[in-house]
2 protein chains.
Amino acid sequence: MESGYVTLEQVAQHAGVSLATASRVINGSTRQVSQRLREKVTKSAQELGYLANASAQTLARNSSSLVGLLVHDISDPYFSSIAAGVTRHTEEQGLVLVLGTTGRSTQTESRILSTLRAHRARAVVLVGSRSTDEESNRRLAQEIHLFRRQGGRVACVSQEGLPADTVTPDNHAGAADLARRLIAQGHREFAILAGPTDLQTARERLDGFHSALSGAGLQLAHHNVVHGAFTRDGGYESTRRLMAVGTDATCLFAVNDVMATGAMAALRDLGLRVPTDLSVAGFDDIPTLRDLTPALTTVRLPLERMGEQAAALALDGEPTDQPRVVTVKGEVVERESTAPPTR
Amino acid sequence: MESGYVTLEQVAQHAGVSLATASRVINGSTRQVSQRLREKVTKSAQELGYLANASAQTLARNSSSLVGLLVHDISDPYFSSIAAGVTRHTEEQGLVLVLGTTGRSTQTESRILSTLRAHRARAVVLVGSRSTDEESNRRLAQEIHLFRRQGGRVACVSQEGLPADTVTPDNHAGAADLARRLIAQGHREFAILAGPTDLQTARERLDGFHSALSGAGLQLAHHNVVHGAFTRDGGYESTRRLMAVGTDATCLFAVNDVMATGAMAALRDLGLRVPTDLSVAGFDDIPTLRDLTPALTTVRLPLERMGEQAAALALDGEPTDQPRVVTVKGEVVERESTAPPTR
DNA sequence: CTAGTCTAGGAAAGAGTTTTCCCGTGGTCC
DNA sequence: GGACCACGGGAAAACTCTTTCCTAGACTAG
């Protein structure tokens, strides 16, 4: 009681039983322990303030209660929403969540993954779109393989293609739905903030939007597609570039909400009104951004639920041989940031 | 290489040295190892793909590389901003961040704290205002004491009064500064969304605002102070209640930005314009909310830096006997959500 | 009544590191 | 040349659990 730690041995001694018995009582193993001893042990543990040493348990069991969560940037509301879902699920199960932020560096990602491996983490949830760079995908797949071989489980959010269970939004369909709704509003000329060229999610959304336009017999002018960072500032900057050369578009589609936010700020700074001068639409429906004015027309994704589902894929049930893929449909939400074109 | 894990013993064998030597090479202990053996060991480790078992290390060293971070709700941008700072600092040091979300329950908070204790976490950063409930504060202080006794270090953000290093915003001064600026704009009648009654941060901001008003010879009518949840929806709901009974205020101060966001939404729904019909001010200057329109007048806190500082307090240097307190000044940022009153 | 089965308890063998302690070698100083 | 020291290396203890294996006793069946 006095100094430092109370060990199970001390509890056993205090209760007058063997170490084995004490262990069986405390963690409730398969083996039975008589009511009498059971009480003695719990009472002793209580009195001494015993707290099991988690690393010793991990070492002995060769399996820990750690679950990893890898995101690009936790202060981005997209990631923090998903993180909230993952946390909820892990905490319900009494597991411990380890948060790793990669800052979009695949190197950091691999490093953290191996740290998790060192900790014998039970599972890891990878969030954030993969790049289309083959080399780094291969390296990541290798790390995942190692993680797996040690008995760890892996689930991904929004990055199909990796050898792991995945919950992914139907980016293509969502963007196509959105495009059709915008066309229905009367728009014919579109500009797109397409994000980075090497980001799968961004590409799928671009493709989906594009194919719906084609389906409606509309062209997308090359100069109306602007690439840039997948962030608020990326959206701002891309919009400035777009408007600098000028555009004939009546509607601007940013492939995610944070970019759309940047776009709206840029337009405001340029003295343009949304949606009067230009309609703006996004993708994700980030909860924190719902209070923007004008409210953003976007494609709603149940981000928190997606996090929960990913955690469930990684933690519940038995591991499967074939990677499972849960596809989440996005739902178009029309708000004030888009309106029929005035010209 | 084939099955499961590579242990240090295997590395030692492969290199033809003792376990002790291998250990000394890999972790770079105080003891010297000859260049010759050093190379042999690193080469073997490399070849075999050795990765140290973190729990075994923790057990042997009786100190882990885990750092805890406790927040109320990670999807709240206030917390995720701070979390970003904490992550940055911990990852720089090669430490592993454990994220716990308490959902504002002190019980959950204690539970997570003891889990961290079980893991021999090196430090923990507690974020989020303490309640003014004495009983739960006492329990928390007790947990902190236990954590400390095991060699763990504790730092807090925004919750002075606990026996731990703290970085805290100067809520009183910030709110008072804001009040004076608003008075200078010409406002005389204020309404306040004061948050929960038992939240220290909320109370300090209310007090600071209030004392600046008194200093200017202004009264704050009782019916113009509304209490409610510290969240966006709390702000919305409080505003609805305030407006339902009617107010003579020309300016509404919400004690944090997310509440202010809710307030603006409520006013919009009521058909009132900000700032024409009513000015609105907040506190925190949440980065994600900077794109609201009208842009929010608020008190800027360097949230990410505060997170870093807290992590630094908990990790760098030697533990001190006396709790250190770092006070962060907030800076008033005037934006479009406040304007001189029109009546 | 004996052989066989089941049960609860304990001793001890791990799990993979770190670290202490011991030993031999080689150098330095009178 | 002997006493002392510094240094690099290894054997083994320590860290705290879980779990296997063993044993003694109780019970059941024939």
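Every chain is numbered from 1, with letters handed out A, B, ... down the list of sequences.
Although no hydrogens or angles enter the test, the distance criterion places a donor-acceptor pair under 3.5 Å between the side chain of B:R324 and the main chain of B:L313.
With sequence neighbours excluded, the residues forming a ring-ring contact (aromatic ring centres under 6.0 Å, His included) with A:H72 are A:F79, listed by chain and number. For A:Q46, there are no side-chain contact (heavy atoms from CB on, under 4.5 Å) partners at least two apart in sequence or on another chain. Taking the salt bridge (Lys or Arg N to Asp or Glu O under 4.0 Å) definition, one finds that A:E135 meets it with A:R138, A:R139, sequence neighbours left out. With sequence neighbours left out, the side-chain contact (heavy atoms from CB on, under 4.5 Å) criterion links B:A22 to B:L8, B:A12, B:V17, B:V41.
Here chain B contacts DNA chain D (any atom closer than 4.0 Å to a heavy atom, that is under 4.0 Å), and the contacts span D:dG8 to D:dT16 from 5' to 3'.
Contacts of residues 55-63 of chain B with DNA chain C (heavy atom under 4.0 Å): B:A56, B:Q57, B:L59, B:A60, B:R61.
Applying the salt bridge (Lys or Arg N to Asp or Glu O under 4.0 Å) rule to pairs touching residues 78-103 of chain A yields A:R88-A:E304, A:R88-A:E308, sequence neighbours excluded. Here salt bridge (Lys or Arg N to Asp or Glu O under 4.0 Å) pairs that include residues 100-116 of chain A, with residues two or more places apart or in two chains, are A:E109-A:R130. Within the structure, no pair that satisfies the salt bridge (Lys or Arg N to Asp or Glu O under 4.0 Å) test touches residues 10-36 of chain B, not counting sequence neighbours. For residues 54-82 of chain B, no pair satisfies salt bridge (Lys or Arg N to Asp or Glu O under 4.0 Å), with sequence neighbours left out.
The CD-C1' distance, from B:Q13 to C:dG16, rounds to 14 Å in whole Å. For the pair B:N27 CG and C:dG16 P, the interatomic distance rounds to 18 Å; values are reported in whole Å.
Within 4.0 Å (heavy atoms only), B:T7 reaches sugar-phosphate atoms of the nucleic acid but no base atom.
Side chains of B:Q10 and B:H14: a donor-acceptor N/O pair is absent below 3.5 angstrom, by distance only. With 3.5 Å as the limit, one finds no donor-acceptor pair spanning the side chains of A:S55 and A:T58. Of the N and O atoms on the side chains of B:T102 and B:S105, not one donor lies less than 3.5 Å from an acceptor on the other residue.
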Q: Using a 4.0 Å heavy-atom cut-off, write out nucleotides 6-11 of chain C from 5' to 3' as B (base contacted by protein), S (sugar-phosphate only) or - (no contact).
A: --BBBB

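When the local axes at the two ends of the helix from C:dC1-D:dG30 to C:dC30-D:dG1 are compared, using 5 base pairs at each end, they differ in direction by 40° after rounding to 10°.
Residues A:S65 and B:H119 approach most closely at OG-NE2, 3.8 Å, considering heavy atoms.
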